[in-house]
Amino acid sequence: MALDLRLHSPAGAEPVVYTWPLTSGHGSDKHDGALEIVETIRWVCDDLPEMKAALEYNILCDYDTHSYESMRALCDRFNRAIDSVVALEKGTSLPAQRLNKYPSRGLLKHILQQTYNQAVADPEKLNQYEPFSPEVYGETSYELVCQMIDQIEISADDVFVDLGSGVGQVVLQMAAATPCRICLGVEKAEVPSKYAENMDLHFRMWMKWYGKKYGEYKLIKGDFLLDEHREKINAATIVFVNNFAFGPHVDHQLKERFADLKDGAKIVSSKSFCPLNFRITDRNLSDIGTIMHVSEMTPLKGSVSWTGKPVSYYLHIIDRTKLERYFQRLKNPKLKVSKRGSHNGCED
Ligand SMILES: CC(=O)NCCCCNc1ncnc2c1ncn2[C@@H]1O[C@H](CN(CCCNC(=O)Nc2ccc(C(C)(C)C)cc2)C(C)C)[C@@H](O)[C@H]1O
């Protein structure tokens with residue numbers, strides 16, 4: 001039988017089984033399966049303080065990722081410690097308290113990486129020249145999306161949609177890092193959609209293995225401009241769209257769909273859907289800018305696009321009172337005077 005390495009679950013789920021030799025399809029060392037096992041053990045010990053006591057000594061200080069025996073010994077020590085911690089917790093209320101919490105941001109990043117390593121056998125099939133190619137998700141988009149989460153209020157009433165979701169990493173991150181009622185991703189291309197199915201399966205398996213919580217999510221195959229997806233966008237209260245490379249046709253079609261969003265709905269994009277200094281006039285009444293406030297979000301400290309210039313993101317908040325105020329001022333000339341004369345240059 002092939003040489004196996006097993007890791008017992010800290011949550012009492014099925015053990016995860018790796019087959020030796022471990023270098024997964026990626027070949028490059030950083031995807032080396034053995035390193036992933038070491039990192040997984042490290043994250044479980046970080047998450048479970050009682051593991052320190054259960055491990056005779058820090059097993060993570062001497063192992064050789066090129067030797068099966070060494071990796072086997074590491075896994076055996078880890079498994080014995082996990083078995084004793086899980087056995088100790090049986091019958092106490094500890095499992096309930098510890099289990100079913102959201103993963104920490106560091107652990108979630110690791111889970112998304114190991115999900116990707118296992119679900120995407122051949123990353124060359126993905127067009128890797130995208131600014132946010134799935135292969136380098138951890139180095140780029142992950143921190144960016146963390147920053148977005150910190151900058152916009154998110155509640156359990158929110159419905160999240162990622163338009164053009166690729167293999168689904170942003171949707172999985174939002175489902176495990178925010179209380180959104182549901183997170184949706186829509187992806188039209190064959191290859192990323194196929195990989196997204198695999199990402200879905202592996203993600204659910206790993207979250208169960210770690211005993212971590214995540215909200216409901218769906219990775220959907222389809223073109224988000226098709227009518228069958230209109231009500232998904234209409235129902236959304238948080239829309240992410242990495243539209244930097246979209247042409248005028250797609251941008252125009254998206255604006256048409258955004259006109260049906262609820263007041264308060266937020267759109268975060270890598271290119272703004274209306275000028276930052278948009279002012280309503282009687283010549284632009286049909287522009288989307290009349291029903292939204294746009295602001296530029298501070299770019300990630302130190303993050304630059306691959307052209308080296310700092311990247312910016314745009315937050316749009318739907319607010320139809322903006323247009324109502326414009327008509328109030330028309331109807332109510334004295335308001336107009338105060339507007340013209342006013343020193344406070346009240347906001348549009
Ligand atoms: C009717 C008609 O005209 N149809 C023509 C097609 C119209 C466009 N419709 C599309 N529908 C579905 N998926 C389509 C269509 N257009 C293209 N994609 C897919 O988007 C994927 C690329 N995705 C990235 C995939 C990973 N997800 C992300 O990186 N998400 C994300 C979102 C926002 C951000 C912030 C908040 C920072 C702004 C950061 C990351 C972006 C760049 C659009 C590719 O896999 C494309 O196949």
Side-chain angles (χ1 to χ4, degrees), residues 1-25 29-119 138 172-173 175-177 198-215:
M1 90 147 175
L3 293 174
D4 279 354
L5 290 171
R6 298 169 162 262
L7 288 178
H8 290 187
S9 156
E14 282 302 301
V16 70
V17 184
Y18 288 83
T19 304
W20 187 271
L22 292 162
T23 37
S24 47
D29 197 42
K30 68 178 159 67
H31 290 308
D32 183 338
L35 280 181
E36 185 184 302
I37 289 178
V38 173
E39 285 303 299
T40 299
I41 290 174
R42 201 188 302 277
W43 278 110
V44 172
C45 295
D46 175 76
D47 196 45
L48 258 182
E50 52 272 48
M51 274 296 276
K52 302 251 184 322
L55 287 167
E56 308 96 62
Y57 61 101
N58 181 353
I59 53 173
L60 287 173
C61 57
D62 68 339
Y63 58 83
D64 171 6
T65 57
H66 298 291
S67 139
Y68 176 71
E69 289 66 30
S70 167
M71 290 305 293
R72 177 63 194 264
L74 175 64
C75 294
D76 288 350
R77 280 195 206 98
F78 172 79
N79 293 336
R80 275 200 299 279
I82 281 287
D83 295 348
S84 65
V85 168
V86 170
L88 264 178
E89 282 187 348
K90 265 202 178 30
T92 70
S93 66
L94 266 174
Q97 286 161 18
R98 169 166 75 79
L99 299 182
N100 271 347
K101 287 193 168 59
Y102 288 117
S104 69
R105 285 194 169 172
L107 174 55
L108 178 54
K109 185 172 173 180
H110 172 67
I111 293 172
L112 289 175
Q113 188 61 58
Q114 64 188 155
T115 296
Y116 177 83
N117 291 346
Q118 281 156 13
L172 300 181
Q173 182 175 349
N198 229 0
M199 290 286 289
D200 180 7
L201 292 174
H202 283 85
F203 181 73
R204 290 181 196 277
M205 184 277 291
W206 277 115
M207 292 299 273
K208 198 157 173 287
W209 188 86
Y210 287 100
K212 295 299 177 186
K213 177 171 118 175
Y214 57 95

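Computed from heavy atoms alone, side chains included, the values below leave out hydrogens, waters and symmetry copies. This chain uses plain numbering: 1 for the first residue, then up along the sequence.
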side-chain hydrogen bond (donor to acceptor under 3.5 Å, both in side chains) against [X], all qualifying residues, sequence neighbours excluded:
X      : value
Trp209 : none
Tyr102 : none
Ser9   : none
His202 : none

All side chain to side chain contact (heavy atoms under 4.5 Å, CB included) counterparts of Ser104, not counting sequence neighbours: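 Only Trp43, Leu107 meet the side chain to side chain contact (heavy atoms under 4.5 Å, CB included) criterion with Ser104.
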Test of understanding: with side chain to side chain contact (heavy atoms under 4.5 Å, CB included), list the residues that count as partners of Leu99, not counting sequence neighbours.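 Checked Leu99 against side chain to side chain contact (heavy atoms under 4.5 Å, CB included); matches are Ala11, Pro95.
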Could you tell me which residues satisfy salt bridge (Lys or Arg N to Asp or Glu O under 4.0 Å) with [X], sequence neighbours excluded, listed by chain and number?
X     : value
Glu39 : Arg42
Asp83 : none
Arg6  : none

For Phe78, all residues meeting ring-ring contact (aromatic ring centres under 6.0 Å, His included), sequence neighbours excluded: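 For Phe78, no residue satisfies ring-ring contact (aromatic ring centres under 6.0 Å, His included) once neighbours in sequence are set aside.
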Would you please name every residue forming a ring-ring contact (aromatic ring centres under 6.0 Å, His included) with Tyr63, sequence neighbours left out?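 None.
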Minimum heavy-atom separation for Leu88 and Thr92, please, with both atom names.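 Closest pair (atom of Leu88, atom of Thr92, distance): O-CG2, 3.7 Å.
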Please, which pairs that meet salt bridge (charged side-chain N to carboxylate O under 4.0 Å, His left out) have at least one residue in residues 206-215, sequence neighbours excluded?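 Qualifying pairs, neighbours excluded: Asp47-Lys212.
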